[in-house]
Amino acid sequence: MKKLILTIPLTALVIFSLITFNACDKFENLPLNIPIVFKFAITNANPVSTEDVCMDQSSSFQEYRDKFKNLSLVEAVFRITTVVPADVQGTIVIEVWRTDTNQLLMTRSYPNIKPADYLPDNVPLNLQLTQAEIDLVNAYLDANPNACFRAIISGSNVTPTGSNFDIKGVVDILFYGEAEL
């Protein structure tokens, strides 16, 4: 009986060790989030801001650029870093284009938006991309993994009327990729 009592835990330990050892797979793929950032500044004197950004400007992309199996768009958000005066509001339009063909990939218009609502202590504005927009960007990435994008951010219909305003912010676009190791 003592022998049986000792054999059961030993057998369980051996089985557990075999299962654990065999369950370990080789680490072959590395999942990565790849952000690209468009900084903008719009003022009453210059109400349109344009910036071009390529995937290879992301350090995550640079490190694994030749090893990606796939790249896909996850989300895009809009956030404000500074706004003067704090009570300014108006229409902000965000457009993202392909730089190689000037094809519009996505556009959003936010009338009567209060930029101060999206300062760092607040939640950024999710651009709520449609599946068609996601598919369009992903097709661009499939054809050209080092895709380049142009963001155009503009402000109009600003109130208080005639006020001098200065709005600085960022549009963040997040991609997901799997790199083969």
Side-chain angles (χ1 to χ4, degrees), residues 31-65 68 70-86 88-158 164-179:
L32 292 167
N33 287 326
I34 305 156
I36 61 171
V37 178
F38 298 94
K39 295 179 182 175
F40 66 89
I42 52 178
T43 66
N44 55 308
N46 188 12
V48 178
S49 182
T50 302
E51 184 176 20
D52 291 357
V53 176
C54 296
M55 293 294 289
D56 68 2
Q57 289 174 263
S58 166
S59 60
S60 301
F61 183 85
Q62 284 177 359
E63 188 171 348
Y64 297 99
R65 72 179 300 142
F68 282 108
N70 60 42
L71 292 168
S72 58
L73 175 61
V74 176
E75 71 176 342
V77 298
F78 165 84
R79 56 192 169 90
I80 298 297
T81 54
T82 60
V83 58
V84 176
V88 71
Q89 68 181 47
T91 299
I92 292 183
V93 176
I94 302 166
E95 300 174 338
V96 177
W97 299 76
R98 288 177 64 154
T99 58
D100 62 343
T101 63
N102 289 322
Q103 178 184 18
L104 181 64
L105 298 171
M106 64 184 83
T107 185
R108 292 291 178 281
S109 180
Y110 298 99
N112 300 315
I113 194 169
K114 296 178 183 173
D117 290 346
Y118 303 100
L119 284 165
D121 290 340
N122 301 321
V123 176
L125 176 64
N126 189 316
L127 300 185
Q128 301 292 325
L129 304 174
T130 66
Q131 190 59 51
E133 290 167 327
I134 292 169
D135 292 344
L136 196 59
V137 171
N138 289 344
Y140 180 33
L141 290 169
D142 287 345
N144 181 6
N146 187 28
C148 294
F149 302 90
R150 174 172 297 126
I152 302 172
I153 296 88
S154 59
S156 62
N157 303 320
V158 175
N164 290 332
F165 65 91
D166 184 8
I167 303 168
K168 292 182 175 81
V170 175
V171 173
D172 296 302
I173 300 181
L174 182 64
F175 297 92
Y176 171 81
E178 281 190 15

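Note that the structure is a prediction, hence the values are computed from the model and not measured.
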(message) Rounded at 0.5 Å granularity, tell me how far CD1 in Ile153 sits from CD1 in Ile92.
(response) 9.0 Å
(request) Taking the side chain as every heavy atom from C-beta outward, state whether Ile42 and Ser154 have any atom pair closer than 4.5 Å. (result) no
(request) First locate atom NZ of Lys168, then atom OG1 of Thr81, and finally report the distance between them rounded to the nearest 0.5 Å. (result) 7.5 Å
(message) I'd like to know if the side chain of Asp56 and the backbone of Asn146 have a donor-acceptor N/O pair within less than 3.5 Å.
(response) no
(message) With a 3.5 Å distance limit and no angle check, can you tell me whether Asn157 reaches the backbone of Asn112 through a side-chain donor-acceptor pair?
(response) no
(message) Any heavy-atom pair between the side chains of Thr107 and Trp97 that's under 4.5 Å?
(response) no
(message) Using 0.5 Å steps for rounding, measure from the OG1 atom of Thr50 to the CD atom of Glu95.
(response) 9.0 Å
(request) Report the distance from atom OG1 of Thr43 to atom CG of Asp166, rounding to the nearest 0.5 Å. (result) 6.5 Å
(message) Minimum heavy-atom separation for Lys39 and Ser49, please, with both atom names.
(response) O-OG, 4.2 Å
(request) Could you pull out the closest heavy-atom pair between Val171 and Leu127, with the gap in Å? (result) CG1-CD1, 4.3 Å
(request) Over all heavy atoms of both residues, which pair between Thr99 and Arg150 is shortest? Give the atoms and the distance, please. (result) CG2-N, 3.7 Å
(request) May I ask you to test the Ile167-Phe40 pair for a side-chain heavy-atom distance under 4.5 Å? (result) yes
(request) Check Leu71 against Gly177 and note the closest heavy-atom contact, atom names and distance. (result) CD2-CA, 4.0 Å
(message) Ring centroids only, cut at 6.0 angstrom: are Phe149 and Phe38 within range, meaning strictly under it?
(response) no
(message) Applying side chain to side chain contact (heavy atoms under 4.5 Å, CB included) to Glu133 and Leu136, what does each step give before you reach the verdict?
(response) CA-CA 5 Å; Glu133 290 167 327; Leu136 196 59; 5.6 Å; no
(message) So which atom in Gln57 and which in Gln62 form the shortest heavy-atom distance, rounded to 0.1 Å?
(response) CA-NE2, 4.2 Å
(request) Would you please say whether a donor-acceptor pair under 3.5 Å links the side chains of Asn44 and Asn164? (result) yes
(request) Rounded to the nearest 0.5 Å, what's the gap from CZ on Arg79 to CG on Leu125? Could you check? (result) 12.5 Å
(message) Phe175 and side-chain contact (heavy atoms from CB on, under 4.5 Å): which single residue from Val74, Asn33, Val137 fits?
(response) Val137
(message) Just verifying a value: how many Å separate Arg108 CZ and Ile113 CD1, rounded to the nearest 0.5 Å?
(response) 12.5 Å
(request) Give the C-alpha distance, both sets of side-chain angles, the deciding distance and a yes or no for side chain to side chain contact (heavy atoms under 4.5 Å, CB included) between Val37 and Val53. (result) CA-CA 7 Å; Val37 178; Val53 176; over 6 Å; no
(message) Side chains of Phe78 and Pro124, heavy atoms from C-beta outward: is any pair under 4.5 Å?
(response) no
(message) Given 3.5 Å as the limit, does a donor-acceptor pair link the side chain of Asn122 with the main chain of Asp117, or not?
(response) yes
(message) Is any side-chain heavy atom of Ser58 closer than 4.5 Å to one of Pro35?
(response) yes
(request) Look only at the side chain of Tyr140 and the backbone of Cys148, and say whether a donor-acceptor pair between them is shorter than 3.5 Å. (result) yes
(message) Whether the side chain of Glu63 engages the backbone of Ser60 through a donor-acceptor N/O pair (distance < 3.5 Å, no angle test) should be reported.
(response) no
(request) Could you pull out the closest heavy-atom pair between Gln128 and Asn126, with the gap in Å? (result) N-OD1, 2.8 Å
(request) Mark yes or no for whether Gln103, through its side chain, and Arg98, through its backbone, hold a donor-acceptor pair below 3.5 Å. (result) no
